[in-house]
Chemist: 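Before we start, here is the structure in question, set down as structure tokens.
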Amino acid sequence: MRNGEIAEAFEELASLYELDGAVVYRVVAYRNAAKAIREAGVSVAELQRQGRAEELAGIGSTIAEKIGALLEDGSIPSADRMKERIPSGLIEVTRIPGLGPKRARQLHEQLGIASLDDLRRAAEEGRLKDVSGFGPKAEENVMLALAAGADGRDKPRVLLSKALAVGEELVAALRDHPAALRVELAGSARRLADTCKDLDVVAAASEPAALTAAFCELQAIDQVHSSGEAGAKAVTHSGLPVDFRIVPEESFGNLLQHFTGSGKHNEALRGEAVKRGLHVSEYGIADDEGGGTEAFETEEQVYERLGMQFIPPELRENRGELKAARDHALPELIVEADIRGDLHMHTIASDGRNTIREMAEAARDHGYEYIAITDHSATHGFNNDVSPDELERQLERVRELDVDGITVLAGTEGNVLPDGSLDYEDDLLARLDWVVASVHTSFRMPEREMTDRMVAAIEHPLVDAIGHPTGRMLGRREGYALDIERVIEAAARTGTFLEINSNANRRDLPDVYARAAAEAGVTLVIDSDAHGVDTLPKMLRYGIATARRAWLTKEQVANTRAWPELDKARKRSR
DNA sequence: GCCGTTTTCGGCCCGACTGTTTTCAGTCG
């Protein structure tokens, strides 16, 4: 059973307990456990089998036992018992804005509502307002939410690339306004998360009302839901909700820190602060001793006041960054300028849009020292396959190419066939400078076979790196079933690099796995997988973002080295 | 239910907004 599925079961259990009226801390404990399981860099099922599940923060003996039951019997007994009393449709009711567990439970007890359909009927028949605590406004809001398409599912999140495009435009426009003193993008977009559910924009202004008015008038803004002195809530034409908040300039650091999150980071940070008599909010830090509240203009000052190193936004996920910052032991994270070459890209030989020369010149103009041309391979299909003969010709083209100021390597992105072999003969692969191996077919293999397949590719002596190792497509498909620990172990053992594919749809390896891989001694390689000169350097931003979220330093990434040095460090030279 | 440079028991972030109340619980981020 995969981490996502186990996490799902505990999310459901938390919701059931919540509807059952359990103390909130128990509910929070299950939600925390679900998050810890989802984000674990290892297989939690495997961990449980080894009796080590309690090593994860947030998993105690009770939850470990429930994981065991879930793996053994396919369900959690306490959840099964509650489901006899609490209809599962009620969980969807709690996802209607304004209806939480308490009110959903009331509706169930007093009106027998057990599903969204029941809720719709009751609202239409005007029965909701008879429930104590409900009034005409509550009934109207339910109708509006249902009419607006609320279906009890979480709203889809948008890719970081899309969120940043909109967010950076908003920020630039606001900074142009004469009343603007400070304007920054905050929230998950600033943390460079894979996806965002909304945008948070924070500001300090000489005239808050004027800047808020200007925000509401921005071209990108479609509807404004509420607005006042302290900011506004709105939705862009692309449907992305935006929270805009203004505080006095002296509190800007506190506001930025608060709205950058994550929620878990702030919760943990505040919990630790309380133990020392400090209370952190978006307005400042209150001290029990003396009673005053200190405001800070910069985030650096906020963390310093709490006795910590400045924590880069990408690390603020409550994954150990608070302790590291207290110990002044945060890693020096990789930056885009550390990257010296790009080892995965396509040309017109397969599905790219530019020639080898065009890609080489674009890379050189960007400042890269080397690139590898890695078109798709013999079995790729989609009219993009490069036959062995064509690869021979491609090899000649690269050898004959003369572009000053950059080393161009001849390579391939070979397909890993279902049995783990590659789709070119070894003697041809051996003549290439660089081999990326990726899975592009037969995604639905069972975990053991898929892992065997991947490990076989990793063990191939001529494979330098595994491309987009999990195969996930954000918002579109899960990665294939893979025992990531075995993959990492094999990569570490053989010295095979694992790619962080920078494509904004992929960001694969995902951050938590990339971190686990680096900790196991695997070297990562950050590639653009560009299909044209337009995305060649641009896409790398997202790979770097994932690498930073994985706590990577430049030493852990192969292509921060010059090519001769990298060449000597790879597995073929062992 | 979890956890421990306060604690193995008693804590567990902070504030805004809403709608329904007569002082606040529930929800949200």
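Below, read A as the first sequence line, B as the second, and so on, with proteins coming before strands; counting in each chain starts at 1. Being a predicted model, the structure only gives us computed values, none of them experimental.
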Chemist: Tell me whether the side-chain N/O atoms of A/Tyr283 come closer than 4.0 Å to OP1 or OP2 in B/dC13.
Modeler: no
Chemist: Say you pick atom P in B/dC13 and the same atom in B/dT22; how far apart are they, in whole Å?
Modeler: 29 Å
Chemist: Could you state the CD1-C1' distance from A/Ile246 to B/dA16, rounded to the nearest angstrom?
Modeler: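 In whole Å, B/dA16 C1' and A/Ile246 CD1 are 16 Å from each other.
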Chemist: Which heavy atom in A/Glu184 sits nearest to a heavy atom in A/Val171, and how many Å separate them?
Modeler: C-CG2, 4.1 Å
Chemist: Can you identify which nucleotide, out of B/dC14, B/dG26, B/dG29, has its nearest atom closest to the A/Lys102 side chain?
Modeler: B/dG26
Chemist: What's the closest nucleotide to the A/Pro101 side chain, out of B/dT27, B/dG1, B/dC14?
Modeler: B/dT27
Chemist: Tell me which one of A/Val202, A/Asp200, A/Leu174 satisfies side-chain contact (heavy atoms from CB on, under 4.5 Å) with A/Phe244.
Modeler: A/Leu174
Chemist: Sticking with atom P, work out how far B/dG11 lies from B/dT6, rounded to a whole angstrom.
Modeler: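 Each nucleotide's P atom is 15 Å from the other's.
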Chemist: Quote, to the nearest angstrom, the P distance that separates B/dG1 from B/dT5.
Modeler: 23 Å
Chemist: Taking the same atom, P, in B/dT20 and in B/dA16, what whole-Å distance lies between them?
Modeler: 22 Å
Chemist: Go through B/dG29, B/dG1, B/dT6 for me and flag the one nearest to the A/His258 side chain.
Modeler: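 Nearest to the side chain of A/His258 among the choices is B/dG29.
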Chemist: Tell me which of A/Asn266 and A/Ser61 sits closer to the 5' end of DNA chain B, going by the nucleotide each one is nearest to.
Modeler: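 Looking at the nearest nucleotide for each, A/Ser61 comes out on the 5' side.
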Chemist: Expressed in whole Å, how much space separates the P atoms belonging to B/dC9 and B/dC14?
Modeler: 26 Å
Chemist: Taking the minimum atom-to-atom distance to the side chain of A/Pro136, which one of B/dG29, B/dT20, B/dC2 wins?
Modeler: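 For the A/Pro136 side chain, the nearest candidate turns out to be B/dT20.
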Chemist: From the set B/dC12, B/dC2, B/dG15, return the single nucleotide nearest to any side-chain atom of A/Thr62.
Modeler: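 The listed nucleotide nearest to A/Thr62's side chain is B/dC2.
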Chemist: Taking any heavy-atom pair under 4.0 Å as a contact, classify A/Val280: base, sugar-phosphate, or nothing.
Modeler: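 A/Val280: backbone/sugar contact only, no base atoms under 4.0 Å.
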Chemist: Is the base of B/dC12 stacked against the aromatic ring of A/Tyr25, taking ring centres under 5.5 Å apart and planes under 30° as the test?
Modeler: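 Yes.
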Chemist: Nearest 0.5 Å, what's the SG-CG distance between A/Cys196 and A/Leu159?
Modeler: 9.0 Å
Chemist: Which of these nucleotides, B/dT27, B/dG19, B/dC2, is closest to any side-chain atom of A/Arg103?
Modeler: B/dT27
Chemist: Which is true for A/Phe134 with a 4.0 Å heavy-atom rule: it touches a base, it touches only sugar-phosphate, or it touches nothing?
Modeler: sugar-phosphate
Chemist: How far does the C1' atom of B/dG26 sit from the matching atom of B/dT21, given to the nearest Å?
Modeler: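 Their C1' atoms lie roughly 13 Å apart.
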Chemist: Flag this pair as yes if the NZ/CZ of A/Arg507 is under 6.0 angstrom from the six-membered ring centre of A/Tyr542 and inside a 45 degree cone about the axis; otherwise no.
Modeler: no
Chemist: Taking any strand in view, what nucleotide pairs with B/dC24 in a Watson-Crick or G-U wobble way, both distances under 3.5 Å?
Modeler: B/dG19
Chemist: Looking at CD of A/Glu555 and CD of A/Glu332, how far apart are the two atoms once the value is rounded to the nearest 0.5 Å?
Modeler: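 So the CD of A/Glu555 and the CD of A/Glu332 are separated by 8.0 Å.
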Chemist: Cation over ring, A/Arg103 on A/Phe134, under 6.0 Å and within 45°?
Modeler: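 Yes, cation above the ring, under 6.0 Å and within 45°.
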Chemist: Among B/dC13, B/dT6, B/dG15, which is the nearest nucleotide to the side chain of A/Ser281?
Modeler: B/dG15
Chemist: Rounded to the Å, how far apart are A/Arg270 CZ and B/dG15 P?
Modeler: 8 Å
Chemist: When the C1' atoms of B/dG15 and B/dG10 are considered, how many whole Å apart are they?
Modeler: 25 Å
Chemist: Identify which nucleotide among B/dG29, B/dG19, B/dC13 has an atom closest to any side-chain atom of A/Asn141, counting heavy atoms from C-beta outward.
Modeler: B/dG19
Chemist: Of all the nucleotides listed (B/dG1, B/dG19, B/dT6), which has the minimum atom distance to the side chain of A/Lys137?
Modeler: B/dG19
Chemist: For DNA chain B, whose closest nucleotide is more 5', that of A/Ala268 or that of A/Gly98?
Modeler: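 Final value for this comparison: A/Ala268.
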